[in-house]
Amino acid sequence: MPELPEVETTLRGIHPHLAGRRIQALVVRNRDLRWPLPKGIGSSLRGQTVNNITRRAKYLLFELDRGWLILHLGMSGSLRIIQNGASPEKHDHVDIVFGPDRLLRFRDPRRFGALIYTTRPPAEHKLLREMGPEPLGDECDGEYLFSRSRNRKQAVKSFIMDQRIVVGVGNIYASEALYRSGIHPQRAAGKISLPRYEALVAAIRQVLRASIAAGGTTLRDFVGESGQTGYYIRKLQVYGREGDACLKCGGAIRQLRIGQRASYYCPRCQR
DNA sequence: AGAGGTACCTGGCAGC
DNA sequence: TGCTGCCAGGTACCTC
């Protein structure tokens, strides 16, 4: 489920409950996540304080006293603050315990998520080292995408979903941003003009910001057993709308597969 | 180096 | 009511 806005919303939801808190224990019910949790991870974390939590791309970074916890939600992961001792359910694989009435519970049915402890700065970690700029930061602008795309024949949708180019643009928001900027998802990245990349960056920022703002309305859901994390109000204009009317021209939205991923577009409005 | 395919895993749904 | 096959919002890793 999580794309960048969901990860950002998760960060904002859990931060006030955990910042400054000391980890008392780690409860691991299933260590087989994307990479198996090492046996000693609990004793590494125990006693360390969460000094801050930040986000880089779709990774959450827990800054501890002597290291960092790198957490990725994968396709189906979610985090919740448990304050009432609610029993774990089937896919609740890990609890980070902060006290008798406070723990962070990691749920992930598909187990594509990851939890990594490192004593080196996360930016130097293999997973984060090669990543491109944040889409909401100044470094990513039309000029940047334009220059990185020259001579590339790859479909522009795959190009903007490549984390080495720009991070955090997942399958849904790639379709949405291309629709809003009028660019056909299959167009070769290297053949798109600078002004069109400027429009694309503006559209990427717009959809991500709007979704983060919508996610903000469900922050309270990060606490309590009835938490509905993962369900956010989204105003999707093309994604999942195959056969429905384009909101701009009334024509039928179509679906394509690009790099094995469903891609939605309007053949009339996107060139 | 760039581009594409495969793999990881469970659950939900359509179709028979 | 099964069963089967397909699909799902991510990304590391492999090959060409």
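Chain naming here is simple, since letters A, B, ... match the order of the sequence lines and numbering starts at 1 in each.
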Who pairs with A:R180 by salt bridge (Lys or Arg N to Asp or Glu O under 4.0 Å), at least two apart in sequence or on another chain? A:E176
Produce the list of close N/O pairs, under 3.5 Å, pairing protein atoms with atoms of nucleotides 13-16 of chain C; give distances to one decimal.
residue: C:dC13; atom: OP2; partner: A:K126; partner atom: NZ; Å: 3.4

Write out all pairs satisfying side chain to side chain donor-acceptor pair (under 3.5 Å) with one or both partners inside residues 138-148 of chain A, taking only residues at least two apart or from two chains. A:Y144-A:R148
Ignoring hydrogens and geometry beyond distance, is a side-chain donor-acceptor pair present between A:D101 and A:N84 at under 3.5 Å? no
With a cut-off of 3.5 Å and sequence neighbours excluded, list every side-chain donor-acceptor pair involving residues 30-38 of chain A.
residue: A:N30; atom: OD1; partner: A:D32; partner atom: N; Å: 2.9
residue: A:R31; atom: NH1; partner: A:L37; partner atom: O; Å: 2.8
residue: A:R31; atom: NH1; partner: A:P38; partner atom: O; Å: 3.3

Determine, for A:R107 against A:E89, whether the closest basic-nitrogen to carboxylate-oxygen distance falls under 4.0 angstrom. yes
Is a side-chain donor or acceptor of A:D65 paired with a backbone partner of A:T49 at a separation under 3.5 angstrom? yes
Please report the distance, rounded to the nearest Å, between CZ in A:F159 and C1' in B:dG2. 12 Å
A:R56: salt bridge (Lys or Arg N to Asp or Glu O under 4.0 Å) partners, not counting sequence neighbours: A:E134
In 5'-to-3' order, the base (B), backbone-only (S) or no-contact (-) status of each nucleotide in nucleotides 3-9 of chain B, using a 4.0 angstrom heavy-atom cut-off, is S-BB-BB
Using atom P of each nucleotide, how far apart are C:dC3 and B:dC9 to the nearest Å? 23 Å
Below the 4.0 Å mark, does B:dT10 have OP1 or OP2 next to a side-chain nitrogen or oxygen of A:K90? no
In whole Å, I'd like the distance from the CD atom of A:E89 to the P atom of B:dG11. 12 Å
Tell me, what's DNA chain C's dot-bracket, Watson-Crick or G-U with both distances under 3.5 Å, | for other-strand, [ ] crossing? .|||||||.|||||||
With the threshold set at under 4.0 Å for non-hydrogen atoms, list the residues of residues 114-123 of chain A touching DNA chain C in residue-number order. none
Can you tell me if A:R152 uses its side chain to pair, donor with acceptor, with the backbone of A:A188 under 3.5 Å? no
So, does A:S158 use its side chain to make a donor-acceptor pair with the main chain of A:Q154 at under 3.5 Å? no
Partners passing side chain to side chain donor-acceptor pair (under 3.5 Å) against A:Y117 (at least two apart in sequence or in another chain): A:Q48
Could you state the CG-P distance from A:D108 to B:dT10, rounded to the nearest angstrom? 11 Å
Pairs meeting criterion side chain to side chain donor-acceptor pair (under 3.5 Å) with involvement of residues 236-262 of chain A, two or more places apart: A:Q255-A:Y264
A:R164 meets the salt bridge (Lys or Arg N to Asp or Glu O under 4.0 Å) criterion, sequence neighbours left out, with A:D162
Using atom types as modelled, flag every donor-acceptor pair under 3.5 Å from a side chain in residues 20-27 of chain A to any protein atom, sequence neighbours excluded.
residue: A:R22; atom: NH1; partner: A:G47; partner atom: O; Å: 2.9

